[in-house]
Trainee: 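Here it is, the structure in full.
Here is how names work: the chains are called A, B, and so on, in the same order as the sequence lines, proteins then strands, and each is numbered from 1. All values below were derived from every heavy atom in this structure, side-chain atoms included, with hydrogens, water molecules and symmetry-related copies excluded.
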2 protein chains.
Amino acid sequence: MPRQQVIDHDAGEPVWLQLTAILRHQIETAQIGRGKLLPSIRTLMQTYEVSDGTVKRALAQLKADGLVDSVPGRGYFVL
Amino acid sequence: MPRQQVIDHDAGEPVWLQLTAILRHQIETAQIGRGKLLPSIRTLMQTYEVSDGTVKRALAQLKADGLVDSVPGRGYFVL
DNA sequence: ATAGATTTGTTCGTATGTATA
DNA sequence: GTATACATACGAACAAATCTA
């Protein structure tokens with residue numbers, strides 16, 4: 001598996017936007033197939049070493065963009 | 001007596017103080033009854049079109065004044 | 001059937017950086 | 001230089017929905 005993209009806290013771009021871009025790329029390149037669940041918020045926190053709120057903000061953006069949807073108690077899945 | 005309902009960013013008075021006055025008035029006139037929750041910080045941000053920090057500062061003042069108390073994960077309620 | 005674990009969703013608390021007046 | 005205001009970021013608590021043992 002290729003090396004994961006990494007968050008740059010010192011970049012000008014907000015962390016939550018960087019994470020949005022990373023996840024969007026994974027979806028658009030079908031690294032996460034349609035209908036598949038994304039990693040949980042807690043997992044994403046650990047993977048990218050960002051906070052709870054930052055992950056939620058990134059996922060909310062993807063949902064607003066219509067790339068994913070979410071179900072409480074289940075997770076986020078690719079549309 | 002005129003009652004302020006909107007924030008005037010061009011007024012001399014700080015926005016957070018204007019918001020404090022608005023909320024204090026709503027509490028003292030029992031528009032928000034005892035024990036009731038105030039609108040959330042996020043809601044107040046949207047309602048008055050001010051930032052997160054500004055709402056928090058106003059609420060902190062009301063709490064310091066003993067008009068409200070707060071519970072993390074729940075909200076601010078009228079004393 | 002119910003108890004526990006996991007997950008999303010919402011909330012407050014604190015801190016930092018940037019811009020502006 | 002100080003105070004205000006906004007945006008970002010992290011942290012934590014609470015609740016409800018879901019799944020499973």
Trainee: Can you give each donor-acceptor pair under 3.5 Å made by side-chain atoms of residues 16-23 of chain A, sequence neighbours left out, with the distance rounded to 0.1 Å?
Mentor:
{"from": "A/Q18", "atom 1": "OE1", "to": "A/D8", "atom 2": "N", "distance (Å)": "2.9"}
{"from": "A/Q18", "atom 1": "NE2", "to": "A/D8", "atom 2": "O", "distance (Å)": "2.9"}
{"from": "A/Q18", "atom 1": "NE2", "to": "A/E13", "atom 2": "O", "distance (Å)": "2.8"}
{"from": "A/T20", "atom 1": "OG1", "to": "A/W16", "atom 2": "O", "distance (Å)": "2.8"}

Trainee: Is any side-chain N or O of B/S51 closer than 4.0 Å to OP1 or OP2 of D/dA5?
Mentor: no
Trainee: Using the closest heavy atom to pick a nucleotide of DNA chain D for each, name whichever of A/D52 or A/E13 lands nearer the 5' end.
Mentor: A/E13
Trainee: Write out all pairs satisfying salt bridge (Lys or Arg N to Asp or Glu O under 4.0 Å) with one or both partners inside residues 48-61 of chain B, taking only residues at least two apart or from two chains.
Mentor: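 Pairs touching residues 48-61 of chain B that pass the test: B/D52-B/K56.
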Trainee: When both hydrogen-bonding distances must be under 3.5 Å and the geometry is Watson-Crick or G-U wobble, what is D/dG1 paired with, if anything?
Mentor: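 With both distances under 3.5 Å required, D/dG1 matches none.
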Trainee: Round to the nearest Å and state the distance from A/Y76 atom OH to D/dA17 atom C1'.
Mentor: 14 Å
Trainee: If you assign each of A/Q18 and B/V50 to its closest nucleotide in DNA chain D, which residue comes earlier from the 5' end?
Mentor: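 Looking at DNA chain D, the more 5' nearest nucleotide goes with B/V50.
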Trainee: Let me know the distance between CH2 of A/W16 and C1' of D/dG11, rounded to the nearest Å.
Mentor: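 Result: 20 Å.
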Trainee: How would you list, by chain and number, every residue that makes a side-chain hydrogen bond (donor to acceptor under 3.5 Å, both in side chains) with B/T43, sequence neighbours excluded?
Mentor: B/S40
Trainee: Rounded to the nearest 0.5 Å, how far apart are CG of A/L62 and CD1 of A/I27?
Mentor: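 Taking CG in A/L62 and CD1 in A/I27, the distance rounds to 5.0 Å.
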Trainee: Establish, with yes or no, whether the OP1 or OP2 oxygen of D/dC10 is under 4.0 angstrom from a side-chain nitrogen or oxygen of A/H9.
Mentor: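 Affirmative; the distance criterion is met.
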Trainee: To the nearest Å, give me how far apart CZ (A/R42) and P (D/dG11) are.
Mentor: 11 Å
Trainee: Of all of residues 55-75 of chain B, which get a heavy atom below 4.0 angstrom from DNA chain D, listed by number?
Mentor: B/R57, B/P72, B/G73, B/R74
Trainee: Going 5' to 3' on DNA chain C, which nucleotide is the first and which the last to come under 4.0 Å of a heavy atom in chain A?
Mentor: C/dT7 to C/dT10
Trainee: Could you check B/R42 against B/V55 for side chain to side chain contact (heavy atoms under 4.5 Å, CB included), going step by step and ending with a plain yes or no?
Mentor: CA-CA 9 Å; B/R42 191 155 295 277; B/V55 174; over 6 Å; no
Trainee: How long is the line joining CD of B/E49 and C1' of D/dC6, in whole Å?
Mentor: 14 Å
Trainee: To the nearest Å, give me how far apart CG (A/L37) and P (D/dC19) are.
Mentor: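 Checked: the CG to P distance equals 10 Å.
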Trainee: Please round to the nearest 0.5 Å and tell me the distance separating atom CD of A/Q31 and atom NZ of A/K36.
Mentor: 12.5 Å
Trainee: From CG of B/L17 over to C1' of D/dA5, roughly how many Å is that when rounded to an integer?
Mentor: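 Roughly 13 Å, once rounded to whole Å.
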Trainee: Please evaluate residues B/L67 and B/E28 with respect to the criterion side chain to side chain contact (heavy atoms under 4.5 Å, CB included), reporting the C-alpha separation (whole Å), side-chain torsions for both, the decisive distance (0.1 Å), and the verdict.
Mentor: CA-CA 9 Å; B/L67 282 99; B/E28 290 176 345; 4.2 Å; yes
Trainee: Please tabulate, for the side chains in residues 70-79 of chain A, all donor-acceptor contacts under 3.5 angstrom to protein atoms that are two or more places apart in sequence or on a different chain.
Mentor:
{"from": "A/S70", "atom 1": "OG", "to": "A/K63", "atom 2": "NZ", "distance (Å)": "2.8"}

Trainee: Just how far, in rounded Å, is C1' of D/dC6 from CD1 of B/I41?
Mentor: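 In whole Å, D/dC6 C1' lies 15 Å from B/I41 CD1.
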Trainee: Do the side chains of B/V68 and B/L59 get nearer than 4.5 Å, heavy atoms only?
Mentor: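 The answer is no, as the side chains (C-beta and beyond) never meet within the 4.5 Å cut-off.
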Trainee: If I take atom CG in residue B/D10 and atom C1' in nucleotide D/dT4, what distance separates them, rounded to the nearest angstrom?
Mentor: 14 Å
